[in-house]
Amino acid sequence: MADEKQLIKVRYDKRAMLEELGVNPYPTKYDRDTMAAAVHENFEEWSAEERLVSIAGRLMTVRKMGKASFANLKDRSGTIQIYVTTDNVGADAYTIWKRLEGGDLVGVRGIPFRTQKGEISLQVREFSVLAKSLRPLPEKWHGLKDKETRYRQRYVDLIVNDDVRAVFEKRALIVRVVRNYLDERGFLEVETPILQPLYGGASARPFTTHHNTLDMKLFLRIADELYLKRLIVGGYEKVYEIGKDFRNEGMDKTHNPEFTQLELYEAYADYNTMMEHVENIMRAIAMALHGSTTITFQGRENDLGKPWTRLSFVDALSEKVGKDVLALSNDELRAAAKERHIELPDEASNGMIMAELFDVLVEPGIQDPTFVLDFPKEISPLAKERQGRPGVVERFEPYLCGMEIGNAFSELNDPVEQRRRFEAQLELRGPESEEAQQLDEDYLRALEYGMPPTGGLGIGIDRISVVFADQPSIRDVILFPQMRPETAPSK
RNA sequence: GGGCCCUUAGCUCAAUUGGCAGAGCAACUGACUCUUAAUCAGUAGGUUGAAGGUUCGAUUCCUUCAGGGCCCA
């Protein structure tokens, strides 16, 4: 009597028994007037006046005796113990009560009191079945640990693992802090197309779909960038969007095929302005979450109270390689990579090799909050070249707790130069490359109307959630991470 | 894509050198009006991820596949 089918059948039978007793196992509504946490907070007052309160939630543990029972009732605010006796609810109701079990959703009306052992509880006068649960809950003490089940059936994970619920509440708070910060500074929140006829704003492979009526190929966006900058041309001056981007690439603990990105653009600003925003926003999140500018990630403390370290990409890499990397030929860069056993595709350009070298030689050493600056122009086709430093652009990537969390530029606003950069990308990567930035004529037309000098910033919301919630993987901050299907996938 | 590891009852986990597949919780029956991982007495629950192979005998060894995890690319 305990394989899963039988456990479920027993619960279906109990549902039928409830119906025989005249109980609707799925009523439409229940009027509750307080929450479990509020009963704890207001206990002295409410127990003194013997206030009758009503709460609703899920039965988590049930301790039944012959004519009296205790159970823990959990709602989104917390847990409260309830005390059900024949004396208080009547014998008929107690018969119904005895049919209930862990997992069931119930509403109770009762009076706050303290048990002999001192636990704040509700003395139940009346209860209602609100939804019969037909599946057994995981073990009450050890919870649900299996990662596969936790990700596939997040609803069960959330029922039993309070720390998981807390992670997603932190994530929501992070997004709220970001919105407040930008709204207070006059940024306009906008929505731009997710379905795009051309994809751009990043180097990544897209998901492709098809629109039936227009009979055309469409792409799921890989970035919001080019649409948001059109809005800067349009005169909004300060815009942001928080939304999903989609990249048809690998999955690991820092990558999910769909992820949430903040992008913001500010006219008459540059990448230095964006650094200030990053420092301010991260500090505000730390204060909101921890009440302190010091955060701990995977056992290591980081202070967000100070200005972030500035680290030059080309200088740091040149130091590691022992030569000015901007002055090296493709062959010399390849030799440097080969020395370090880095495999490269045949068509790798100088910039791509430098990026590979950076990932291996420099990035692992980044621990403190750091802005990596001075990226090679060739791998930054949307960023403005740095004055007096040819080959290098005004771009930075913020690193928080060793993790790359975003990307920012002084935006390239010269339409002539932008066209050259697009063309250079296509030439570098080849016209067939899905990763090359596409030549977007309408975007160039917009630039021709004139875009003010602009600073732009993208921040990965999932990545910063990993850091601030101190989680090991992006899958732990995404409610429903991408998984292979349980049954054979459709192809 | 490559390497390593994991998959045993609904959940959390055991199982000696290859020798009868177990425990706790959950469930079921009974007792019980202050329990809180309730307690007490009893009952039941397994295609050991799937398919093949080696063997007298496979949860255990081998192969393939599926799903998951970690590391690397």
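Just so we're on the same page: letters track the sequence lines, and every chain starts at 1.
- A donor-acceptor contact under 3.5 angstrom links the side-chain atoms of Thr86(A) to the base of U33(B).
- Closest approach to the Lys67(A) side chain among A26(B), U33(B), C34(B) is made by U33(B) (side chain taken as heavy atoms from C-beta onward).
- For C28(B), the OP1/OP2 oxygens have a side-chain nitrogen or oxygen of Lys14(A) closer than 4.0 Å.
- The side chain of Thr85(A) has U33(B) as its nearest neighbour among C28(B), C70(B), U33(B).
- Checking U35(B), A37(B), G68(B) against every side-chain atom of Lys140(A), the shortest atom distance belongs to A37(B).
- Across every strand in view, A37(B) sits unpaired, with no contact that passes the Watson-Crick or G-U test at under 3.5 angstrom.
- As rounded to the nearest Å, G45(B) and G24(B) have P atoms that lie 16 Å from one another.
- Shown here, U55(B) forms no base pair; nothing in the strands shown gives a Watson-Crick or G-U wobble contact with both key distances under 3.5 Å.
- Rounded to the nearest Å, the gap between the P atom of A14(B) and that of U7(B) is 9 Å.
- Between the NZ atom of Lys98(A) and the P atom of A27(B) there is a distance of 14 Å, given to the nearest Å.
- Phe375(A) carries Arg395(A) over the face of its six-membered ring, with the cationic atom under 6.0 Å from the centre and within 45° of the normal.
- Distance, Asp146(A) CG to G69(B) C1': 10 Å, rounded to whole Å.
- Atom NZ of Lys145(A) and atom P of U8(B) are 14 Å apart (whole Å).
- Nucleotides G57(B) and U17(B) have their C1' atoms positioned 14 Å apart, rounded to a whole Å.
- With both pairing distances under 3.5 Å, C70(B) is matched to G3(B) as a Watson-Crick or G-U wobble pair.
- Taking atom C1' in both U60(B) and U35(B), the straight-line distance is 44 Å, to the nearest Å.
- For A50(B), the paired nucleotide is U64(B), the pair qualifying as Watson-Crick or G-U wobble because both relevant distances are below 3.5 Å.
- A27(B) atom P lies 10 Å from atom CG of Leu137(A), rounded to whole Å.
- Counting only heavy atoms from C-beta on, Arg475(A) has its side chain closest to G69(B) among G69(B), A27(B), C11(B).
- With hydrogens and angles ignored, a donor-acceptor pair closer than 3.5 Å exists between the side chain of Gln81(A) and the base of U35(B).
- If you check the side chains of Ser318(A) and Asp315(A), you find no donor sitting under 3.5 Å from an acceptor.
- In this entry the distance linking CD of Glu139(A) with P of U12(B) reads 9 Å, nearest Å.
- When the side-chain nitrogen and oxygen atoms of Arg484(A) are compared with OP1 and OP2 of A66(B), none of them lie within a distance under 4.0 Å.
- Only the C1' atoms considered, U59(B) is 8 Å distant from A15(B), to the nearest whole Å.
- With a 4.5 Å cut-off on side-chain heavy atoms, Glu101(A) and Lys14(A) count as touching.
- Using the Watson-Crick or G-U wobble rule with both distances under 3.5 Å, A23(B) pairs with U12(B).
- G42(B) and C28(B) make up a base pair, with Watson-Crick or G-U wobble contacts both under 3.5 Å.
- For the OP1/OP2 pair of C70(B) and a distance below 4.0 Å, the side-chain nitrogens and oxygens of Lys253(A) include no atom meeting the criterion.
- Across G53(B) and G2(B), the matching P atoms stand 27 Å from one another, rounded to whole Å.
- Shown here for Gly351(A) and Ile379(A), the closest heavy-atom pair between the two residues is C-CG2, 3.5 Å.
- The gap from the C1' atom of A26(B) to that of A9(B) amounts to 11 Å, rounded to the nearest Å.
- Taking the C1' atom of each, U48(B) and G18(B) are spaced 15 Å apart, rounded to whole Å.
- Taking side-chain N and O atoms only, Lys117(A) has a distance below 4.0 Å to OP1 or OP2 of U35(B).
- Closest approach to the Ser473(A) side chain among G10(B), U12(B), C70(B) is made by C70(B) (side chain taken as heavy atoms from C-beta onward).
- If you check every strand for non-hydrogen atoms under 4.0 Å, Tyr94(A) touches nothing.
- A ring-centre distance under 6.0 Å is not found for Phe207(A) and Phe219(A).
- Among the protein residues, Arg152(A) comes within range of the sugar-phosphate backbone only, with heavy atoms under 4.0 Å from sugar or phosphate atoms but none that close to a base.
- Spacing between atom CG of Leu122(A) and atom P of C34(B) amounts to 19 Å, rounded to whole angstrom units.
- Side-chain polar atoms of Thr61(A) and Asn72(A) form a donor-acceptor pair below 3.5 angstrom.
- For Arg99(A), no side-chain nitrogen or oxygen approaches OP1 or OP2 of C28(B) to under 4.0 Å.
- Residue side chain Thr115(A) reaches the base of U35(B) through a donor-acceptor N/O pair under 3.5 Å, judged by distance alone.
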